[in-house]
There are 2 protein chains.
Amino acid sequence: MKLKDQNTEATILESAKLIFMEKGLYGARMQDIANQAGINKALLHYYFRNKERLFDEVFGGALARYFQNMEIISDESLPIIDRVLTYSNRFVYFLAEYPQMSIFLIKEISSNQALFHLKVQGIKKDKKYSLLNVLKEGVEKGELPVIDPVVFLMNLHSLCAYPFVAAPIFHAICQGSGVQWTDANHEKLLQSIHEFIHFKLSKSHL
Amino acid sequence: MKLKDQNTEATILESAKLIFMEKGLYGARMQDIANQAGINKALLHYYFRNKERLFDEVFGGALARYFQNMEIISDESLPIIDRVLTYSNRFVYFLAEYPQMSIFLIKEISSNQALFHLKVQGIKKDKKYSLLNVLKEGVEKGELPVIDPVVFLMNLHSLCAYPFVAAPIFHAICQGSGVQWTDANHEKLLQSIHEFIHFKLSKSHL
DNA sequence: ACTTTTGTTAACCATTTGGTTAAACCATGA
DNA sequence: TCATGGTTTAACCAAATGGTTAACAAAAGT
């Protein structure tokens with residue numbers, strides 16, 4: 001069946017992504033992935049030597065896509081605050097598209113820091129700017145109010161990512177109080193994040 | 001060894017907590033827990049029929065402790081904003097003491113919503129007030145500015161919890177940019193959270 | 001045509017893992 | 001002292017699981 005040829009590998013990757021994101025590295029069973037892909041288990045090992053290899057492929061891909069998406073922060077043609085606003089937009093939209101990605105990454109990173117460090121170093125190596133550096137420079141040059149860049153970065157990431165990470169908890173909380181939290185509320189979320197960004201980064205506030 | 005008697009059970013629970021928090025339900029091995037407790041594996045099954053039972057015990061305990069800690073929000077003798085400030089303090093301090101708790105809960109909840117719902121319903125049943133209800137009332141009665149309680153709740157939880165959930169990521173980010181993020185920065189974190197609370201809940205801002 | 005390479009499978013293997021069993025241990029009360 | 005009953009262990013078991021092998025199928029090269 002040369003039909004599948006290049007298709008099988010993609011199918012496997014897709015299936016693996018699905019299963020890994022749902023169950024994590026430990027929870028996922030090779031058999032589950034094979035079933036999901038509709039193929040024999042041995043074929044997994046034919047395309048990807050072993051579980052970790054397969055996991056790496058999926059994991060690395062996701063991480064690369066994320067960093068690529070966030071590169072906006074380096075665009076020096078825009079005022080920093082605009083870059084940060086766009087950064088938050090892309091962050092939220094990315095997570096809205098891959099709602100499980102964040103928790104997936106955290107899960108696996110927390111149980112395998114070494115791997116993550118390597119991956120990140122590999123991907124980020126060639127990028128001069130990170131949000132953190134941009135913020136530091138902005139403060140030094142007086143384009144931003146005097147804030148602690150690390151704390152701001154943390155606050156911002158928290159506001160963007162946690163709603164997705166903790167979606168199950170929020171559903172439970174809201175349900176318990178008779179309020180509905182639909183996934184369509186991303187606009188509201190973004191609005192509140194933008195407010196926060198203006199609150200922290202606008203000099204007019206001082 | 002009648003010495004251990006009541007001690008063994010506690011030791012097991014403690015060890016299980018440690019291992020479960022580190023590895024999650026799937027990742028944790030009964031043998032690991034037994035080793036950690038310095039006992040035979042069969043003894044685990046003697047005290048707690050099986051893995052799920054043991055897990056339940058740890059899980060339920062953690063959840064109960066958390067909710068108990070957060071009861072402050074119901075104290076009607078205080079202005080709402082003060083309650084929220086204390087709420088955030090306790091939240092952060094709780095997580096500082098059990099840094100892995102948050103991610104642990106999220107991991108397990110996301111892979112077992114049913115169990116969580118039951119637990120939460122059981123624990124919260126008798127509590128009239130939740131942060132959400134308090135906020136709603138506060139807005140209705142004009143004690144608070146007109147905010148969306150759900151969005152505020154989400155923002156607040158995000159700011160408090162995500163730094164702990166994503167600690168590995170932040171370490172990586174900071175390391176990559178030559179900045180150090182120590183666990184002692186909780187004060188800075190709390191300060192920024194308090195700023196946020198005042199920003200959103202103080203009427204003087206309008 | 002036929003040989004080689006690539007893709008795919010069923011059957012199998014070694015190890016791990018949750019769980020069980022039967023026997024030993026030990027404090028205590030009769 | 002010795003019987004009792006709660007506590008602890010070594011040895012074991014069955015199922016699950018990651019991974020391998022050998023054989024087969026389908027293209028592709030010759």
Side-chain angles (χ1 to χ4, degrees), chain A residues 1-61 104 107-112 114-116, chain B residues 1-62 104 107-108 111-112 114-115:
Chain A
M1 293 181 185
K2 205 72 182 190
L3 261 179
K4 294 190 173 178
D5 227 358
Q6 295 185 333
N7 216 340
T8 307
E9 192 169 334
T11 307
I12 291 177
L13 278 175
E14 224 171 299
S15 307
K17 187 171 102 181
L18 208 73
I19 302 295
F20 276 138
M21 290 224 289
E22 191 180 327
K23 312 247 186 179
L25 173 56
Y26 292 118
R29 305 290 113 157
M30 294 299 266
Q31 190 60 59
D32 295 344
I33 297 174
N35 290 146
Q36 176 70 33
I39 57 160
N40 187 284
K41 188 180 55 151
L43 206 50
L44 295 180
H45 294 89
Y46 176 76
Y47 279 96
F48 308 90
R49 194 159 306 152
N50 54 34
K51 195 182 185 183
E52 281 208 8
R53 198 90 153 205
L54 175 56
F55 179 76
D56 257 33
E57 221 75 29
V58 175
F59 181 75
F104 165 76
K107 267 195 216 178
E108 302 312 328
I109 291 166
S110 81
S111 69
N112 195 346
L115 174 66
F116 179 70
Chain B
M1 292 181 188
K2 206 78 182 189
L3 262 179
K4 294 190 174 181
D5 228 356
Q6 296 185 334
N7 217 340
T8 306
E9 191 170 335
T11 306
I12 291 176
L13 278 174
E14 224 171 297
S15 308
K17 186 172 102 181
L18 209 74
I19 302 294
F20 276 138
M21 291 221 292
E22 191 180 327
K23 312 247 186 177
L25 175 56
Y26 292 118
R29 305 291 117 168
M30 294 298 267
Q31 189 61 58
D32 295 343
I33 297 173
N35 289 147
Q36 177 69 35
I39 56 160
N40 187 283
K41 189 180 56 151
L43 207 50
L44 295 180
H45 294 89
Y46 175 76
Y47 280 96
F48 307 91
R49 195 158 306 151
N50 54 34
K51 195 181 185 184
E52 282 208 7
R53 198 91 152 204
L54 175 56
F55 179 76
D56 257 34
E57 221 73 30
V58 175
F59 181 74
F104 165 76
K107 268 196 215 177
E108 303 311 329
S111 69
N112 195 347
L115 174 66

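A note on names: the letters A, B, ... follow the listed sequences, proteins ahead of strands, and every chain is numbered from 1.
Going from atom NZ of A/Lys51 over to atom P of D/dT20 covers 14 Å, rounded to whole Å. Between A/Arg49 atom CZ and D/dG18 atom C1' there is a gap of 15 Å when expressed in whole angstrom units. Atom pair B/Asn7:CG and D/dG6:P shows a separation of 20 Å (rounding to whole Å applied). Here the P atom of nucleotide D/dT20 and the CZ atom of A/Phe48 are 16 Å apart, to the nearest Å. When rounded to the nearest whole Å, the span between CG of A/Asp32 and C1' of D/dT17 equals 11 Å. Across the protein-nucleic acid pair, A/Lys23 atom NZ and D/dA16 atom P stand 14 Å apart, rounded to whole Å. If you measure from atom OH of B/Tyr47 to atom C1' of D/dT8, you get 8 Å, rounded to the nearest angstrom. As rounded to whole Å, 14 Å separates atom C1' of D/dA10 from atom CD1 of B/Ile39.
If you check every strand for non-hydrogen atoms under 4.0 Å, A/Asn40 touches a base. If you check every strand for non-hydrogen atoms under 4.0 Å, B/Ala34 touches nothing.
Side-chain contact between A/His45 and A/Met30 is present, with at least one heavy-atom pair separated by less than 4.5 Å. Between B/Asn50 and B/Leu44 there is no side-chain heavy-atom pair separated by less than 4.5 Å. Inter-residue side-chain proximity for B/Gln36 and B/Ile33 is flagged as unmet; no heavy-atom pair is nearer than 4.5 Å.
Contact annotation: side chain of B/Lys41 to base of C/dG18, donor-acceptor pair present below 3.5 Å.
In terms of modelled atom types and a separation under 3.5 Å, the side chain of A/Arg49 and the main chain of A/Tyr47 share no donor-acceptor contact.
If you check D/dG18, C/dT20, D/dT8 against the side chain of A/His45, the one that comes closest is D/dG18. Checking C/dT20, D/dG19, D/dT8 against the side-chain heavy atoms of B/Leu43 singles out D/dT8 as nearest. Distances were taken from every side-chain heavy atom of B/Met30 (C-beta onward) to each of D/dT7, D/dT9, C/dG19; the shortest belongs to C/dG19.
When each of A/Arg29 and B/Tyr46 is assigned the nucleotide of DNA chain D bearing its nearest heavy atom, the one mapping closer to the 5' terminus is B/Tyr46.
OP1 or OP2 of C/dT8 lies within a sub-4.0 Å distance of a side-chain N or O belonging to A/Thr8.
When the shell of 6.0 Å around CD of B/Glu14 is examined, it contains 12 or fewer heavy atoms from other residues, nucleotides or ligands.
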